2 protein chains.
Amino acid sequence: MTVERRTTRRRDALSKERIVEAAIDVLDTDGDRGQVFRALTVRLSTGVGAIYHHVANKNDLLAAAADAVIAPVMSDATTDGEPEETIRAIALGIFDSIDAHPWVGAQLSRDPRQPAVLHIWEGIGGQLNALGITGAARSDAGAALVNYVLGSAAQHAAGPGQAPRAADRSAALATLATEWEQLDPAEYPMVRDEAARLGAHDDRAQFLAGVDIFLAGIRTL
Amino acid sequence: MTVERRTTRRRDALSKERIVEAAIDVLDTDGDRGQVFRALTVRLSTGVGAIYHHVANKNDLLAAAADAVIAPVMSDATTDGEPEETIRAIALGIFDSIDAHPWVGAQLSRDPRQPAVLHIWEGIGGQLNALGITGAARSDAGAALVNYVLGSAAQHAAGPGQAPRAADRSAALATLATEWEQLDPAEYPMVRDEAARLGAHDDRAQFLAGVDIFLAGIRTL
DNA sequence: ACCTGAACACCGTTCAAGT
DNA sequence: ACCTGAACACCGTTCAAGT
């Protein structure tokens with residue numbers, strides 16, 4: 001059925017969209033430390049130069065890939081319901097994206113001016129507006145929430161509990177708990193105390209608890 | 001006067017402390033992208049292998065260097081005054097360190113288990129304790145504040161306004177404002193709105209405003 | 001035990017040559 | 001205009017040989 005197309009051009013033309021799409025796959029599989037460009041030439045059966053014809057450099061590629069992940073999440077989460085509820089949905093949407101694509105967590109911290117971060121700003125700023133917060137107060141509240149979300153994202157992406165299988169995850173947490181229990185109680189009393197709670201630890205629930213703390217603080221503005 | 005020492009050993013022995021100290025200088029000057037190890041061999045007049053004898057790898061070196069910057073800030077800021085005031089002092093101390101050593105901003109996001117991050121946890125957790133917050137509530141509140149601080153740190157370190165001279169800084173902000181004013185108003189209404197405020201923007205004050213929003217949220221727990 | 005530095009490995013980027 | 005892929009550049013890491 002696709003014979004016509006197949007004879008007119010043997011393969012889809014390269015485009016930034018196709019490259020970004022392939023890059024997301026590669027990054028999900030190998031992480032951002034792997035040989036991203038080399039893997040792309042294989043997957044797209046092309047040369048490196050062709051990729052550089054559509055993309056300025058690795059930074060540009062990662063920024064575009066992160067935005068391709070984040071932008072749709074933002075528009076999906078942004079509904080016309082309760083602003084606070086929408087903010088929670090936005091935050092959870094970002095959290096879940098980073099859980100699925102850990103490299104996005106690190107990427108968002110790399111440059112505050114990249115499209116993905118601006119889209120997050122837009123989403124959160126719009127809801128603060130809807131809450132009647134404007135001017136400098138909105139700047140401050142927006143920065144607080146955005147920075148909290150990005151900080152949590154980076155820490156979550158870099159943390160243990162990122163192991164693909166649940167068994168590896170709980171094993172990693174157990175190892176960490178043992179490590180922390182052996183720390184000097186004089187220097188690290190709090191961390192040792194946390195070790196006891198690691199087993200029942202739920203990053204996602206804790207992330208949401210943090211969003212609620214900020215929302216409560218914003219209500220006092 | 002130091003003749004005796006000079007003749008017994010021609011140069012101080014290498015140690016992790018000396019390497020870390022030199023690394024902080026190198027990182028401050030060249031950033032973490034520069035050829036850190038090569039610069040270290042020059043500064044310490046030694047070979048790369050000697051450095052690897054005291055340090056496992058670049059990650060280990062950066063983690064140790066970040067902790068050498070952060071740990072003293074934490075113990076200086078931690079006094080027995082008002083817990084909320086101490087939390088502000090801790091947060092500002094971290095902010096100012098990252099302002100002085102931008103590479104620390106990125107490093108703290110790289111691994112939640114590194115000593116510098118654990119020290120931050122200790123400092124903040126201790127003050128939350130003093131506020132009477134314990135158990136799971138302290139975990140949640142602590143995670144929220146630590147993640148906010150680390151997120152702000154990373155964004156600040158990666159942002160403009162990091163130019164050494166004030167003139168470069170305001171030039172960078174002006175360029176950014178112009179860029180943002182040209183964004184599509186339909187896609188980026190909030191960011192365009194922020195552009196107008198960029199001139200008077202003070203990252204440090206906004207960071208502190210975020211800490212205060214968080215503290216207000218904590219009071220409602 | 002500690003140091004030396006050449007060699008290696010890794011991966012992003014360039015560039016001359018092709019269609 | 002777009003693609004090809006070998007060559008280059010950069011920088012962390014290893015390792016055989018020294019003291």
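Remember, predicted model here, so these are calculated numbers, not experimental data. Convention: sequence-line order gives letters A, B, ...; per-chain numbering from 1.
As rounded to whole Å, 14 Å separates atom P of C:dT14 from atom CD1 of A:Ile51. Atom pair B:Leu61:CG and D:dG12:C1' shows a separation of 11 Å (rounding to whole Å applied). Following rounding to the nearest Å, B:Arg33 (CZ) and C:dT13 (P) show an atom-to-atom distance of 9 Å. Distance, B:His53 NE2 to D:dC15 C1': 13 Å, rounded to whole Å. C:dG12 atom C1' lies 12 Å from atom CG of A:Leu62, rounded to whole Å. Between the CZ atom of A:Phe37 and the P atom of C:dT14 there is a distance of 10 Å, rounded to whole Å. The separation between A:Tyr52 atom OH and C:dC11 atom P is 13 Å, rounded to whole Å. Taking atom CZ on B:Arg18 and atom P on C:dC3, their separation rounds to 9 Å, with Å as the unit.
For A:His54, taking side-chain heavy atoms from C-beta onward, the closest of the listed nucleotides D:dT13, D:dC3, C:dG12 is D:dC3. For A:Val36, the side-chain atoms get nearest to C:dG12 when compared with the rest of D:dA1, D:dC11, C:dG12. Of the candidate nucleotides D:dT13, C:dG12, C:dC3, C:dC3 has the atom nearest to the side chain of B:Leu14. Nearest nucleotide to the side chain of A:Ala50, out of D:dC3, C:dT13, D:dG12: D:dC3. Set against C:dT13, D:dA1, D:dG12, the side chain of A:Lys58 has C:dT13 as its closest nucleotide. Here D:dG12 is the nucleotide among D:dT13, D:dG12, C:dT14 with the atom lying nearest to any side-chain atom of B:Gln35.
Looking at heavy atoms from C-beta onward, A:Phe95 lies out of side-chain contact with A:Val149 at the 4.5 angstrom threshold. Looking at A:Val36 and A:Lys58, their side chains come closer than 4.5 Å, going by heavy atoms from C-beta outward.
Counting heavy-atom neighbours within 6.0 Å of A:Glu21 CD, excluding the residue itself, gives a total of 12 or less.
Using the Watson-Crick or G-U wobble rule with both distances under 3.5 Å, C:dT14 pairs with D:dA6. Nucleotide D:dT19 forms a Watson-Crick or G-U wobble pair with C:dA1, both donor-acceptor distances falling under 3.5 Å.
Note: B:Phe214 and A:Tyr148 fail the aromatic proximity criterion, with ring centroids not under 6.0 Å apart.
What you find for A:Ala50 and A:His54 is that their closest heavy atoms are O-CD2, 3.2 Å.
Take the nearest nucleotide of DNA chain C for A:Val48 and for B:Ser15: the residue whose nucleotide is more 5' is B:Ser15.
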